[in-house]
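Notes follow once the structure below has been shown.
The structure displayed is predicted, hence computed values, not measured ones. Residue numbers start from 1 in every chain, and the chains themselves are labelled A, B, ... in the order their sequence lines are given, proteins ahead of strands.
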Number of protein chains: 2
Amino acid sequence: MKMSDGVEWAVHCCTFLAALPNESALSGARLSEFFALPKDYLAKHLQALSRAGLVETSKGPKGGYRLARPPAEISLLDVVEAIDGKNPCFQCTEIRRQGPSGQPDRHYKKPCGIAAAMWKAESVWRKELKKVDLGSLVHEAELNVSTLQQESAYDWLCKALG
Amino acid sequence: MKMSDGVEWAVHCCTFLAALPNESALSGARLSEFFALPKDYLAKHLQALSRAGLVETSKGPKGGYRLARPPAEISLLDVVEAIDGKNPCFQCTEIRRQGPSGQPDRHYKKPCGIAAAMWKAESVWRKELKKVDLGSLVHEAELNVSTLQQESAYDWLCKALG
DNA sequence: GGCAGGTTACTCGGATAGCGATTGTCCGAGTTGATCTGG
DNA sequence: CCAGATCAACTCGGACAATCGCTATCCGAGTAACCTGCC
């Protein structure tokens, strides 16, 4: 029950993309440089974001990634699911139907109570992640991150965008 | 982000243990037989339950596993954590501090907003699992499982306990 | 009939291989901006 | 000086290994019931 490291990277990258000026794109190489992450492996995850339709890409010089929708319309859940998949954490294999006292399928009309409880918990987790969007994450960062780092990041960004 | 199969097995086993008469124990072999699970591998997970203090064990003939506490005092979360570990799904590696615009540690007083959001979601998930206890799972099963299977299971149990 | 000792069968517990998914790396296809040349 | 074609650099995207944790299996230590023989 461990989340892929890629999720953390993807969320940070998306939040950063959400913070930069409209219509400007940032390449995978620049993103990996900013967070000091392995370039190729990060690219793999950015690919997943692209496939999921969260970011748009443009090739060639001055190309790169940019959010496909306004930050307020991309939730944390979207990013998590793009990287980690939409499969439920808990998968019911219906072991209650097996064994010596198992019965034919027609006797199981209600879903397994254990699975139901698990899925309920998973549902509230998803709902909580859906509440958070990239816009609010950026806003939160602007409030809580030291001005020193904000300025430093801004300088770096200007150099990166040319 | 997939939960170990062992979790499903462990929860079913615990629920079954919660349903059987006081002071009676069921061996790993019998449990694996009842659910048609691989004996040795199930034993590994039952071991984890034992280490976590959720079940007590007794050796020798007529020995086996029995709940260490009343069913109402064992939550679904207890079982999940016993098998899957207590580590948070999301682990913040503080990548915001790295890279060219990262600052010395003293500039980061507030925790990373992204990690905070993740942990909040994880917290509501845990809370939801904590709400459910083995007693209510047994009760739910008594209501929703077909009487045919309940009788069948009861017969099997009488034979197993001797 | 009751009791003590040995035996036996059954139990859990930890240590040991196998495999699949996540992690990590590589190179190729495509596009864009810049450059160079000719008018 | 300007327009067009060429070129080169930079981009993403998918295909290919390596490592780690989960899955699966085995065997040994210990214990309690049982059986047998004796009192």
Side-chain angles (χ1 to χ4, degrees), chain A residues 1-10 13 17 23-33 35-66 68 80 82-85 87 89-91 93 95 160-162, chain B residues 1-10 13 17 23-33 35-66 68 80 82-85 87 89-91 93 95 160-162:
Chain A
M1 191 65 179
K2 188 178 158 294
M3 198 176 281
S4 163
D5 293 342
V7 171
E8 183 186 9
W9 303 357
C13 286
L17 289 178
E23 298 302 317
S24 53
L26 211 55
S27 75
R30 295 270 178 265
L31 280 170
S32 72
E33 183 192 345
F35 291 111
L37 297 173
K39 178 170 99 62
D40 290 324
Y41 191 27
L42 176 63
K44 188 184 177 65
H45 292 303
L46 294 174
Q47 235 181 90
L49 292 177
S50 172
R51 264 197 300 267
L54 295 184
V55 301
E56 287 174 345
T57 66
S58 52
K59 287 192 172 183
K62 303 280 175 187
Y65 298 93
R66 119 184 100 254
V80 170
I83 304 295
D84 225 50
N87 291 337
C89 309
F90 181 84
Q91 294 190 344
T93 59
I95 64 175
L161 292 177
Chain B
M1 189 66 177
K2 188 177 157 294
M3 197 175 282
S4 162
D5 294 342
V7 171
E8 182 186 8
W9 303 359
C13 285
L17 288 178
E23 300 302 315
S24 53
L26 212 55
S27 75
R30 295 271 177 264
L31 281 170
S32 73
E33 183 192 346
F35 290 111
L37 296 174
K39 178 170 97 63
D40 290 324
Y41 190 27
L42 176 63
K44 185 183 179 64
H45 292 303
L46 294 174
Q47 234 181 91
L49 293 177
S50 172
R51 264 197 298 267
L54 296 184
V55 300
E56 287 173 345
T57 65
S58 51
K59 287 191 168 183
K62 302 280 176 185
Y65 298 92
R66 117 185 100 252
V80 170
I83 304 296
D84 226 49
N87 291 337
C89 309
F90 181 84
Q91 295 190 343
T93 59
I95 65 176
L161 292 177

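Of all the heavy atoms in B:Phe90 and A:Met3, the pair that sits closest is CD1-SD, 3.9 Å. In plain terms, the two heavy atoms of A:Ala52 and A:Ala82 that are nearest each other are CB-CB, 3.6 Å.
Contacts between chain A and DNA chain D, taken as any atom within less than 4.0 angstrom of a protein heavy atom, begin and end at D:dC10 to D:dG14.
Residues meeting the side chain to side chain contact (heavy atoms under 4.5 Å, CB included) test with A:Ala29, sequence neighbours left out: A:Ser27, A:Lys39. Residues meeting the salt bridge (Lys or Arg N to Asp or Glu O under 4.0 Å) test with B:Asp84, sequence neighbours left out: none. Legend: residues meeting salt bridge (Lys or Arg N to Asp or Glu O under 4.0 Å) with B:Lys2, ordered by chain and number and at least two apart, are B:Asp5. Every residue meeting the side-chain hydrogen bond (donor to acceptor under 3.5 Å, both in side chains) condition with B:Thr93, not counting sequence neighbours, appears here in chain and number order: A:Glu8. With sequence neighbours left out, the side chain to side chain contact (heavy atoms under 4.5 Å, CB included) criterion links A:Pro38 to A:Trp9, A:Tyr41.
Of the two residues contacting DNA chain D, namely A:Lys62 and B:Ser58, the nearest-nucleotide position lying further toward the 5' end is that of A:Lys62.
Annotation: salt bridge (Lys or Arg N to Asp or Glu O under 4.0 Å) contacts involving residues 43-65 of chain B, sequence neighbours excluded, comprise B:Glu56-B:Arg66.
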Would you mind building the protein contact string for nucleotides 13-26 of chain C? One character per nucleotide, 5' to 3', B for base within reach (heavy atoms under 4.0 Å), S for sugar-phosphate only, - for untouched. BB--------BBBB

